[in-house]
Each structure stands twice: as C-alpha cells, then as structure tokens.
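Presented below is the structure to which this report refers.
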Amino acid sequence: MRQDITDRSERELRCGRGDRTARPPGPRTGRPPLTYVALGERPLRRLPQLFIGLALYGFSLSLMVRSSLGVNPWSVLYEGLAGRTTLSFGTISAVLGVLVLLLWIPLEQRPTFGTVANIVVLACSSDVGLLLVPAHLGLPARIALLVGGVLLNGLSVAVYVGARFGPGPRDGLMTGVSAATGRSLRLVRTLMEIAVLAVGWLLGGSVGAGTALYAFAVGPTAQFFMPRFAYRSRCRDGSA
C-alpha cells in the first residue's frame, strides 16, 4: 500500500500536481489512447515520430500522384488546383491547410503544434517526393506505386497520429463540425470527402481505381499499425 502511494506521488510530481488534464486510466479496452498530449511531455521521444510520420504521409501522396491511377479526395483537389495555377502540389496543400484552419475559429477549435507541423511538413515532403519519383512510368510500376503509396499512407497515419500532438487541419474541422452540429464523425467526414472529391474532379484532378483503393484500404491499414505506434502518456493514461 505504501509503495502504491509513493508511486502515485511520484507520478503526480512528474505530471504536475493539480494538473487538470491528468486523469485516472479508463477501462482497459485494448485500444490505444489518441487524445492530445502536451508538447512538453517526452518531446525527444515523440517529436521524431511526428515528423517522420508526416514526412512519410506527404511522400505517400506523391507516390499515388505518380501512379496516375487515382488519388485520395484531398489530393484530387490539390491536383485540380495545381493544374489551374502556378503553385505546386505541396504549396496548394499548405494554402488549403491554412484556409481550413481559419474555419476552426467559429468552431472554437484551437490549433496545436501538431496542426502547424502537419501543414508545413506535408507540403514539403509531397513536393520532394514528386521531384524524386519519375512520371510516365509503365503500368506495372504505376500499380506498384499506387499500392505502396496507399499502404505507406496508412502506416504514416498511425505514426504521426500516434505521437499525439493534436489533429491536422482537416481532422480538426471534422471534429469541430461534428461537435457543433451533433452529427456523427462518420457522416461529417463522408460529406467532406465527397464535396472535396467532386470539386477536385471538376477542376481536373485524377479520380480512378486508386481513389477507391484508398477509401477501402487506408483505414484498416492505419488501424493495424496504430497500436504499435500510439504513445501512452504517463500523465493522461495513468501509466507508470
């Protein structure tokens, strides 16, 4: 009993006595916690994971673009806009990320370090990927790029979300609209994706088999890898 009290006291000192964000662990569901964890908690452990995950995510987008077999809904929009402006794919994604972030204001959403990193790193890594990966490859190579891009995308989602630095602009918009309207996250996300896909397609973005593959495969892939990368907070999750 005394040892338990000592361990609990040490944990309170590490997390900050009276910290309202700390809470006892909930029921053991076997699912990794994904709520926001403060930047100051083990940054040397979590920051590399965040940046690696975001860099892989941006690179995975470039693989799908170079496959020319269809991309995810937001990339369809990026492609459509990039084809009608002088801006690069990555720059378009950053500009739209900032515009989406402005929509957080009436929803009373607050950006975090991870939100800003999401905009910057994705823009840079996707443009770098498009420079490194050649275009106009043969069909077998393009199929490989598509499958590899989708799988890498699902993995990268688990990596950067698992670092728990907060949502990206689009995810924050989804949760904010859901909270404001009372609609389910699934419905809000579906409507957002359909709207973005339609606008991107009308602007000339590529829609194809890759778009359907992404829709069906990226979720299960991310879910498979998430338990392996989700950071467990000493403060918020009640771990020692």
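- Put simply, Leu151 and Phe216 are part of two different groups of oily side chains (I, L, V, M, F, W, Y) that touch within less than 4.5 Å, one to the next.
- Clustering ILVMFWY residues whenever any of their side-chain heavy atoms sit less than 4.5 angstrom apart, transitively, puts Leu173 in the very cluster that holds Leu185.
- Hydrophobic clustering (ILVMFWY, side-chain heavy atoms < 4.5 Å, transitive): Val199 and Val98 are in one cluster.
- Atoms CG and CH2, from Leu122 and Trp74 in turn, are 12.5 Å apart once rounded to the nearest 0.5 Å.
- At least one side-chain heavy atom of Leu101 sits under 4.5 Å from a side-chain heavy atom of Pro111.
- With no hydrogens or angles considered, a side-chain donor-acceptor pair links Asn72 and Ser75 at under 3.5 Å.
- Among all heavy-atom pairs drawn from Ala222 and Ala158, the shortest one is O-CB, 3.7 Å.
- Counting heavy atoms from C-beta on, the side chains of Arg46 and Phe165 come closer than 4.5 Å.
- To the nearest 0.5 angstrom, Leu47 atom CG is 12.0 Å from Arg42 atom CZ.
- When atom types are taken as modelled, the side chain of Trp104 and the backbone of Pro169 share a donor-acceptor pair closer than 3.5 angstrom.
- No continuous path of hydrophobic side-chain contacts links Val120 to Val161 [ILVMFWY only; heavy atoms under 4.5 Å].
- Between Arg183 and Val188, the closest heavy-atom pair is CB-CG2, 3.9 Å.
- Note that the CG atom of Asp171 and the CD atom of Gln109 stand 10.5 Å from one another [nearest 0.5 Å].
- Side chain of Ser156 to backbone of Leu54: no donor-acceptor contact under 3.5 angstrom is found.
- Here the straight-line distance linking atom CD1 of Ile194 with atom CZ of Arg189 works out to 12.0 Å at 0.5 Å rounding.
- Under the 3.5 Å distance criterion, the side-chain polar atoms of Asp127 are matched with a main-chain donor or acceptor of Gly90.
- At a threshold of 4.5 Å between non-hydrogen side-chain atoms, the residues Val121 and Tyr57 do not count as touching.
- Side-chain atoms of Val95 and Leu99, non-hydrogen and from C-beta on, do get closer than 4.5 Å to each other.
- Taking 4.5 Å as the limit, some side-chain heavy atom of Arg170 sits within range of a side-chain heavy atom of Asn118.
- Taking a 4.5 Å side-chain heavy-atom cut-off between Ile, Leu, Val, Met, Phe, Trp and Tyr, the cluster of Leu56 extends to Ile52, Phe59, Leu63, Val133, Leu137, Leu145, Leu152, Leu155, Val159, Phe224, Phe225, Phe229.
- Ala123 and Ala94 get closest at one heavy-atom pair: CB-CB, 3.8 Å.
- Rounding to the nearest 0.5 Å gives a distance of 10.0 Å between CZ of Arg66 and CG of Leu132.
- No side-chain heavy atom of Leu87 sits under 4.5 Å from any side-chain heavy atom of Leu81.
- Counting non-hydrogen atoms of neighbouring residues, nucleotides and ligands closer than 6.0 angstrom, the CZ atom of Arg110 reaches no more than 12 such neighbours.
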| message | Determine whether Phe89 and Glu79 satisfy the following criterion, side chain to side chain contact (heavy atoms under 4.5 Å, CB included), listing intermediate values before the conclusion. | response | CA-CA 6 Å; Phe89 181 94; Glu79 272 194 322; 4.1 Å; yes
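- Across all their heavy atoms, Asn153 and Ser60 have their closest contact at ND2-OG, 3.0 Å.
- With hydrophobic clusters built from ILVMFWY side chains whose heavy atoms lie under 4.5 angstrom apart, Val116 does not share a cluster with Tyr36.
- In this structure, Thr190 contributes its side chain and Arg186 its backbone to a donor-acceptor pair below 3.5 Å.
- When all heavy atoms are compared, the tightest approach of Ser233 to Val37 is CB-CG2, 3.8 Å.
- Across all non-hydrogen atoms, the minimal contact from Val76 to Ser206 is CG2-O, 3.3 Å.
- With 3.5 Å as the limit, one finds no donor-acceptor pair spanning the side chains of Ser178 and Thr175.
- Between Tyr214 and Met64, some side-chain heavy-atom pair lies under the 4.5 Å cut-off.
- Side-chain atoms of Thr211 come within 3.5 Å of backbone N or O of Val71 as a donor-acceptor pair.
- In this structure, CD1 on Ile119 lies 9.0 Å from OG on Ser93, to the nearest 0.5 angstrom.
- Considering Ile92, Leu96, Leu197, Leu202 as possible partners of Leu77, the one that fulfils the side-chain contact (heavy atoms from CB on, under 4.5 Å) test is Leu96.
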